[in-house]
Amino acid sequence: MEYNIALQFEDGVTGFIKCDDGETVAEAAYRQKFNIPVDCLDGACGTCRCHCESGSYDMDADLYIEDALSEDEAEEGFVLTCQMMPTSDCVIKVPSSSEACKVGKATFKGKLAAVTTLSESTIHFGIDVENPDALVFLPGQYVNVTIPNTDETRSYSFSSIPSAHQAEFVVRNIPNGKMSSFLSQNATIGQDIEFEGPFGSFYLRPVVRPTLFLAGGTGIAPFLSMLKSLEVSGAHHPINMVYGVTHDFDLVETQKLDEVKQNHPWFNYHSCVASEDSSHDKKGYVTHHIKDDWLNNGEVDIYLCGPLAMVDAVQNWLESNNIQPSNFYYEKFTPSEQ
Ligand SMILES: Cc1cc2nc3c(=O)[nH]c(=O)nc-3n(C[C@H](O)[C@H](O)[C@H](O)COP(=O)(O)OP(=O)(O)OC[C@H]3O[C@@H](n4cnc5c(N)ncnc54)[C@H](O)[C@@H]3O)c2cc1C
Ligand code: FES
């Protein structure tokens, strides 16, 4: 048995290694030329201490000393990678930069395979990657796409899953925006395009309690990736979503959301539109449309993604209503020059 281990470095870079049954994470990392911090390799120094964000593993407390890792730390999910043997796919936070660990940022070259206008404000594009097997990411993560014929990049969250035949993205068409103008006016199917990544700590963790997704505008993209991945894995707790946009025409990909809702009893969602001239039956912001029971008295994991102002507004709303979810993850679609 072989497990996928995502190593998340302090600078936002994520590296992926394969770990065999009975192999420690440190052994697997070095085998695959990732110089993660280690020293004694014997459970004595604590140099290799990391935090396991998700996944299961064996780590025999008799094989390391309290100075390297205390009982409390082990209970909180800290691990010694020189002792940790994964028994499932895992995500591990490494307290070091990718550069220090000599992990090169992965660049993926490909061909622009699709550019579709989803609405007057939103564009979808897809890339056929040259080496699709090497493209591994966690649903919710993003990449930096180079705007063709420039040296500028823009960040985009995958709306597809790693096993999909194309890497897909959903993009807001900003008037005079550089990437927006490229996609809406100059893009040619088949032309070269590349991206670097994956990056980010906004990704789907194992669903262990009711979960609430809050999406604003093209912030729907990472949730599409998460939902597609959940369609494969299934979910044992309810996943509810509010998808808010400014104008009626900003609502996109609802057919996909309806399909997931129809096919999977664990998923429910509704959308809302902020603009006063909207013909939508639910008007206002996402916070106006969160059902009380979707918050499950705070025993809920909340994922939030959208434009800067929307994410800040939802965070303020949660604070002022004294809602302290079990876990809260967010991604802000910050404009590139900020
Ligand atoms: C981690 C991360 C993930 C992202 N994922 C996505 C995604 O999946 N889909 C997506 O559509 N966007 C996403 N973004 C935003 C994206 O990277 C670009 O900023 C956006 O697409 C604008 O690029 P552009 O080249 O068209 O415009 P630019 O040339 O960068 O900007 C043109 C003008 O528009 C303004 N502007 C730029 N972005 C915004 C905005 N969001 N709201 C208001 N004004 C703006 C700029 O300040 C500038 O004045 C993400 C951003 C981050 C940081
Ligand atoms: S390398 Fe010393 S405890 Fe792991």
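Just so you know, ligand 1 is whichever comes first in the structure, and atom 1 is the first atom listed for that ligand. We use all heavy atoms of the structure for the numbers below, so side chains are in, but hydrogens, waters and symmetry mates are not. This is a predicted model, so every value here is computed, not measured.
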* Asked: Which of these, Tyr142, Phe199, Phe158, Phe202, sits in a ring-ring contact (aromatic ring centres under 6.0 Å, His included) with Phe137?
  -> Phe158
* Heavy-atom nearest neighbour of atom 23 (O) of ligand 1 within options Arg172, Arg154, Lys178, Glu331 -> Arg154
* Asked: What count do you get for protein N/O/S atoms less than 2.8 Å from atom 2 (Fe) of ligand 2?
  -> 2
* Among Ile220, Leu204, Leu257, the one residue meeting side-chain contact (heavy atoms from CB on, under 4.5 Å) with Leu227 -> Leu257
* Would you say Glu152 contacts ligand 1, with heavy atoms under 4.0 Å as the rule? -> no
* Parallel, tilted or perpendicular for Phe328 and Tyr330, by the 30°/60° rule? -> tilted
* Asked: Would you say the side chains of Ser225 and Ser159 form a donor-acceptor pair under 3.5 Å?
  -> no
* Applying a 4.0 Å heavy-atom criterion (strictly less than), which segment of Pro307 is in contact with ligand 1: side chain, backbone, both, or neither? -> neither
* **ligand 1 versus Val170: contacting region, heavy-atom distance under 4.0 Å** => backbone
* Flag side-chain contact, heavy atom, 4.5 Å: Thr81 against Thr24 -> no
* Kindly indicate whether a cation-pi arrangement holds for Arg205 with Tyr203, taking the cut-offs as under 6.0 Å to the six-membered ring centre and within 45° of the axis. => yes
* **Beyond-backbone contact of Asn327 with Arg209, side-chain heavy atoms, under 4.5 angstrom** => yes
* Identify which of Tyr156, Tyr142, Phe199 has a heavy atom lying nearest to atom 21 (O) of ligand 1. => Tyr156
* Structure fact -> So ring-ring contact (aromatic ring centres under 6.0 Å, His included) across residues 273-293, not counting sequence neighbours, yields Tyr285-His288
